[in-house]
Amino acid sequence: MRLTVLGGCGGWPAAGQACSGYLVEHDGFRLLIDPGYAIVPRLLTVVDAAAVDAVLVSHGHPDHCADLNPLLRARTMNDDPPPALPVFAPPGALGPVLALDRPDMMDDAFSLREFTPGDRLEVGPFGLRSWLLPHWMPNAGLRLEADGQVLAYTGDSGPSPLLTELARGADIFLAEATEPWELAGSEARYLSSARQAGAVARDAGARRLVLTHLWPGTDPEEAVRAAAGSYPGEIAVAAPGLVAEPGLQGE
């Protein structure tokens, strides 16, 4: 299993950056998770739009799904369009994005396969478990398994005991970390800090921690320091171009 980070900004893409976007490859299958703002230009430096085999969306906030539109355009506005792209998402999450173009334009571009957070399903070579995690809208925590390798991803989530279950023994724990140390108000219920992500990674026995969804302007080194207060393992920040594979250290 190979994870390539396309972007990791929370909220909006900072200058020269992109929001959430992760390409996960295994056995020749290419799965795009959370096509947020500005990830398509970065994706196209790695693979052609037609080479994406499926898309998986954790929730419907645009910093996690807005670039589904240009991805579908890149596939359908083509002299030889590829087959319909399977798109997995919670119910209703993609309505606004899919409404950006006239319906007949995209009829053959995608096949929407909605799932309820808590479901189990198969996506290509990946077995997928999902959890409903606390956020302002329904958000699916995602655990992908293939050939004994595990990638766990929180989407956007506030504190929850389910996070430890999600990340248990994961080779890579891709964890939302909006702020380094703490959040206030409703954000404290619906988002997480790097410090909290480190504690979950420690309690879950995750092998590697990748912090993502950092708020624009956040110092990545400060986020790593906050997580390292609890978690003794390897920590990285989800910067564009980061590649992580189970068993390989220090990419």
For the atom pair [atom1] ([X]) and [atom2] ([Y]), what is the distance rounded to the nearest 0.5 Å?
{"X": "Leu112", "Y": "Met106", "atom1": "CG", "atom2": "CE", "result": "13.5 Å"}
{"X": "Thr178", "Y": "Leu191", "atom1": "OG1", "atom2": "CG", "result": "4.0 Å"}
{"X": "Leu151", "Y": "Arg2", "atom1": "CG", "atom2": "CZ", "result": "14.0 Å"}
{"X": "Leu23", "Y": "Leu6", "atom1": "CG", "atom2": "CG", "result": "6.0 Å"}
{"X": "Leu98", "Y": "Leu94", "atom1": "CG", "atom2": "CG", "result": "5.0 Å"}
{"X": "Leu166", "Y": "Ser160", "atom1": "CG", "atom2": "OG", "result": "9.5 Å"}

Self-check item: The single option from Thr218, Asp63, Leu174 passing side chain to side chain contact (heavy atoms under 4.5 Å, CB included) against His213
Solution: Asp63

Any donor and acceptor pair, going by atom type alone, linking the side chain of [X] with main-chain N or O of [Y] inside 3.5 Å?
{"X": "Arg75", "Y": "Pro83", "value": "yes"}
{"X": "Glu176", "Y": "Ser157", "value": "yes"}
{"X": "Ser230", "Y": "Ala227", "value": "no"}
{"X": "Thr154", "Y": "Asp156", "value": "no"}
{"X": "Tyr231", "Y": "Ala206", "value": "yes"}
{"X": "Asp27", "Y": "Phe29", "value": "no"}
{"X": "Glu25", "Y": "Met1", "value": "no"}

What is the minimum heavy-atom distance between [X] and [Y], and which atoms define it?
{"X": "Thr76", "Y": "Pro81", "answer": "O-CG, 3.9 Å"}
{"X": "Gly36", "Y": "Asp67", "answer": "O-CB, 3.1 Å"}
{"X": "Ser192", "Y": "Gly158", "answer": "OG-C, 3.7 Å"}
{"X": "Ala194", "Y": "Ala223", "answer": "CB-O, 3.3 Å"}
{"X": "Pro70", "Y": "Val40", "answer": "CG-CG2, 4.1 Å"}
{"X": "Asp107", "Y": "Asp104", "answer": "OD2-CA, 3.5 Å"}

Practice problem: For the residue pair Trp215 and Trp12, categorise the inter-ring angle as parallel (less than 30°), tilted (30 to 60°) or perpendicular (more than 60°). | Solution: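 Ring orientation, 0 to 90° scale: perpendicular.
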
Min side-chain heavy-atom separation [X]-[Y] under 4.5 Å:
{"X": "Asp203", "Y": "Val200", "result": "no"}
{"X": "Glu182", "Y": "Gln196", "result": "no"}
{"X": "Tyr37", "Y": "Pro13", "result": "yes"}
{"X": "Val57", "Y": "Asp34", "result": "yes"}
{"X": "Asp101", "Y": "Asn69", "result": "yes"}
{"X": "Val87", "Y": "Ser111", "result": "no"}
{"X": "Ser58", "Y": "Leu142", "result": "yes"}

Quiz item: Does a donor on one side chain sit under 3.5 Å from an acceptor on the other, for Tyr153 and Thr212?
Solution: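 The criterion, which ignores hydrogens and geometry beyond distance, is not satisfied for Thr212 and Tyr153.
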
Quiz item: Between Asp171 and Arg207, is there a side-chain N and carboxylate O pair less than 4.0 Å apart?
Solution: yes

Quiz item: Is it true that Glu187 and Arg189 have a side-chain N and a carboxylate O under 4.0 angstrom from each other?
Solution: no

Practice problem: Please report the C-alpha distance between Leu3 and Tyr22 in whole Å, then the side-chain angles of each, then the deciding distance to 0.1 Å, and finally whether the side-chain contact (heavy atoms from CB on, under 4.5 Å) criterion is met. | Solution: CA-CA 7 Å; Leu3 166 69; Tyr22 317 99; 3.7 Å; yes

Verify the cluster assignment for [X] and [Y]: are they in a single hydrophobic cluster under the rule of side-chain heavy atoms below 4.5 Å apart?
{"X": "Leu162", "Y": "Phe115", "value": "no"}
{"X": "Val24", "Y": "Val46", "value": "no"}
{"X": "Leu31", "Y": "Leu71", "value": "no"}
{"X": "Ile39", "Y": "Val237", "value": "no"}
{"X": "Ile33", "Y": "Leu214", "value": "no"}

Quiz item: Checking side-chain contact (heavy atoms from CB on, under 4.5 Å) for the pair Asp219/Arg225: CA distance, chi angles, key distance, verdict?
Solution: CA-CA 10 Å; Asp219 179 359; Arg225 283 193 293 272; 4.1 Å; yes

Self-check item: Leu85 and Leu72: CA distance, side-chain angles, deciding distance, side-chain contact (heavy atoms from CB on, under 4.5 Å) verdict
Solution: CA-CA 8 Å; Leu85 179 66; Leu72 294 177; 4.1 Å; yes

Quiz item: Going through the distances and angles, do Arg195 and Glu179 end up as a side-chain contact (heavy atoms from CB on, under 4.5 Å)?
Solution: CA-CA 9 Å; Arg195 178 182 59 81; Glu179 297 286 354; over 6 Å; no

Side-chain donor/acceptor pairs under 3.5 Å, residues 123-136, sequence neighbours excluded:
| residue | atom | partner | partner atom | Å |
| --- | --- | --- | --- | --- |
| Arg129 | NH2 | Glu165 | OE2 | 3.4 |
| Ser130 | OG | Gly118 | N | 2.9 |
| Ser130 | OG | Asp119 | N | 3.1 |
| Ser130 | OG | Asp119 | O | 2.7 |
| Trp131 | NE1 | Glu165 | OE2 | 3.4 |
| His135 | ND1 | Tyr190 | O | 2.9 |
| His135 | NE2 | His61 | ND1 | 3.1 |

